[in-house]
A.B. asks: 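Structure below; questions to follow.
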Number of protein chains: 2
Amino acid sequence: MKSVFQSIQDFSADEINLLDSLITFRTVKKGELLLAENQVCNEIVFIEKGILRSFFLNHKGDEITNCFAFENEFMASFASFITGEKAEENIQALTDTELQILDRKSLEKLYQSGFNWQETGRKLTELEFVNLHKRMVSFQKLSGAQRYEELCQNHQKYIQLIPLQYLASYLGITPRHLSRIRKAVI
Amino acid sequence: MKSVFQSIQDFSADEINLLDSLITFRTVKKGELLLAENQVCNEIVFIEKGILRSFFLNHKGDEITNCFAFENEFMASFASFITGEKAEENIQALTDTELQILDRKSLEKLYQSGFNWQETGRKLTELEFVNLHKRMVSFQKLSGAQRYEELCQNHQKYIQLIPLQYLASYLGITPRHLSRIRKAVI
DNA sequence: AGCTTTTTAGGACATTTGTCCAGTAAAAGA
DNA sequence: TCTTTTACTGGACAAATGTCCTAAAAAGCT
């Protein structure tokens, strides 16, 4: 995750050393849960290799996929991490996954260690906000079919790597309907 | 907006004086646009009195309401403000409105003036993220009827103050459908 | 107050999307 | 490689939601 931080700000050797000392590592097997709902999310993970998805359950018990994260991306229940409240989401490995981990205390240390980390944290949070905003807009403005098309055009990775059943709820539709959409598009 | 910042952090008199020197004021008449789509959003406003709504157009030209802001809340096209790209949203006054304004340069000055402002900016961005996340989850997990009920129970203010036509698109449904839902609920 | 405009409600019908299901294809495990 | 499990497709029908429209109610204007 070092390089992501460095792409935002020019950190000194000391600052990077502090970061290095705080990062830990873990691997997760395909299918395993990294976080279960009703736990507080106390760490942010960064994916070195693999794919994660976050999902919650609706009132019928169906799994609704909230988001995916790929290599070189962060994942957490940010809402739970930020508020300290229990997460509604489960985070699951879709493949065997290798992770870097920054826990709450470590991130707090970083933040307290100086202006630069505060600024970087703010900017990264801003970017997360912008991404979420785009997703929100796509739900208000587009149909499921249009969201699928958008994904085909701009996020081919999702189409290639994610099972359709997960994509469907991510797009806000049922697998049955996604099948219909795919038939129509081709 | 001073008191919002102060609720997050204990600022010194100097820090608050700097803020005071950067805030400007403006009033907007009911119906007027504060920001039009395709402009870059260069300021964050804070509502002293009144109500704002942000909306964009879908492919058919219908207005889709993105969010509302009430007294003592911030409003902006945050996505545009953050990225510097053109906004997709219009921001409109739903009533005569009195505003405090912080423009991009002023906020940048605050941020550069010290750690505390960076930290406060990060925390406020985090809270915006969490709110947006909740809204996103409600779109993925609930029906339009359930979102309306949720609004009745937890955000009575919306029901009382916002015309139903705007509420409908905010909830992701048509006015016709909202009318059906209201009939069923009562 | 009276006129005009805007907003809301709701009927009739069309379209979209979901539910349930079974058959097939693909993937995982032994 | 064979078997078992899981994922995907698509038919038939049902339910949810949208479209178009008109009348009534409410709000705004002079």
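Every chain is numbered from 1, with letters handed out A, B, ... down the list of sequences. In what follows, every heavy atom counts, from backbone to side chain, and hydrogens, waters and symmetry copies are set aside.
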A.B. asks: Rounding to 10 degrees, work out the angle separating the end axes of the helix from C/dA1-D/dT30 to C/dA30-D/dT1 (five pairs an end).
C.D. replies: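 It works out to 70° between the end axes.
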A.B. asks: If you take all heavy atoms of A/G50 and A/I47, which pair is closest and at what distance?
C.D. replies: O-CG2, 3.4 Å
A.B. asks: What pairs of residues pass the side-chain hydrogen bond (donor to acceptor under 3.5 Å, both in side chains) test when at least one of them lies in residues 91-103 of chain A, not counting sequence neighbours?
C.D. replies: A/E48-A/Q100, A/R53-A/Q92, A/D103-A/S106
A.B. asks: Between B/L164 and A/T174, name the one whose nearest nucleotide on DNA chain C is closer to the 5' end.
C.D. replies: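 Nearest nucleotide further toward 5': that of B/L164.
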A.B. asks: Kindly give the heavy-atom pair with the smallest separation between B/C41 and B/R104, and that separation in Å.
C.D. replies: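 Smallest interatomic distance, heavy atoms only, reads O-NH2, 3.0 Å.
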A.B. asks: Under 4.0 Å between any heavy atoms, over every strand shown, what does B/L178 touch: base, sugar-phosphate, or nothing? Just pick one.
C.D. replies: nothing
A.B. asks: Tell me whether A/R147 forms a cation-pi arrangement with A/Y170, defined as NZ or CZ under 6.0 Å from the six-membered ring centre and within 45 degrees of its axis.
C.D. replies: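 Ring-cation test returns no.
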A.B. asks: Could you tell me how far apart A/F139 (CZ) and D/dT17 (C1') are, to the nearest whole angstrom?
C.D. replies: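 That distance rounds to 17 Å.
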A.B. asks: Whole angstrom is fine here: how far is it from NE2 in B/H177 over to P in C/dA9?
C.D. replies: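 Rounding to the nearest Å, NE2 of B/H177 and P of C/dA9 are 14 Å apart.
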A.B. asks: Report yes or no: do B/E89 and B/S77 form a side-chain donor-acceptor pair below 3.5 Å?
C.D. replies: yes
A.B. asks: Each nucleotide in nucleotides 21-30 of chain C should get exactly one letter: B, S or -. Can you fill that in based on protein heavy atoms under 4.0 Å?
C.D. replies: -------S--
A.B. asks: Decide if atom NZ of B/K2 counts as having more than 12 heavy atoms of other residues, nucleotides or ligands within a radius under 6.0 Å.
C.D. replies: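 Count not over threshold, so no.
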A.B. asks: In this structure, how many angstroms lie between the C1' atom of D/dG18 and the CD1 atom of B/I64, rounded?
C.D. replies: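 To the nearest whole Å, that distance equals 13 Å.
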A.B. asks: Can you check whether A/K183 has a side-chain N or O nearer than 4.0 Å to OP1 or OP2 of D/dG10?
C.D. replies: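 Yes.
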A.B. asks: In whole Å, what is the span from the CZ atom of B/R182 to the P atom of D/dT17?
C.D. replies: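 After rounding, the gap between these two atoms is 17 Å.
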A.B. asks: Check B/R122 with B/E119, please: is the shortest side-chain N to carboxylate O separation under 4.0 Å?
C.D. replies: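 A salt bridge is present here (some side-chain N lies under 4.0 Å from a carboxylate O).
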A.B. asks: In whole angstroms, how far is the C1' atom of D/dG28 from the CG atom of B/L94?
C.D. replies: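 From B/L94 CG to D/dG28 C1': 16 Å.
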A.B. asks: For the side chain of A/Q165, counting heavy atoms from C-beta on, which of D/dC8, C/dG18, D/dT17 is nearest?
C.D. replies: D/dC8
A.B. asks: Using atom CG of A/D62 as one end and atom P of C/dG18 as the other, report the distance to the nearest whole Å.
C.D. replies: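 In whole Å, C/dG18 P lies 11 Å from A/D62 CG.
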A.B. asks: Under 3.5 Å, is there a donor-acceptor pair between the A/E126 and B/T125 side chains?
C.D. replies: no
A.B. asks: Taking B/S54 as the fixed residue, which of B/I64, B/N66, B/T65 is the one that meets the side chain to side chain contact (heavy atoms under 4.5 Å, CB included) rule?
C.D. replies: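 Going through B/I64, B/N66, B/T65 one by one, the side chain to side chain contact (heavy atoms under 4.5 Å, CB included) with B/S54 is satisfied by B/N66 alone.
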A.B. asks: Rounding to a whole Å, what distance do you find between B/Q140:CD and C/dG18:C1'?
C.D. replies: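 Computing the B/Q140:CD to C/dG18:C1' distance gives 17 Å.
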A.B. asks: Check the phosphate of D/dG10 against A/R180, side-chain N and O only, distance under 4.0 Å to OP1 or OP2. Yes or no?
C.D. replies: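 No, outside the criterion.
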A.B. asks: Side chain of B/K60, heavy atoms from C-beta onward: which of D/dT19, C/dA9, C/dG18 has the nearest atom to it?
C.D. replies: D/dT19
A.B. asks: Is it the case that the ring center of B/F46 lies less than 6.0 angstrom away from the ring center of B/F74?
C.D. replies: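 Here the rings of B/F46 and B/F74 have centres that are less than 6.0 Å from each other.
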A.B. asks: Expressed as a whole number of angstroms, how long is the span from B/N58:CG to D/dG18:P?
C.D. replies: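 Interatomic distance, CG of B/N58 to P of D/dG18: 12 Å.
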A.B. asks: The side chain of B/S179 lies closest to which of these nucleotides: C/dT17, C/dG10, D/dG18?
C.D. replies: C/dG10
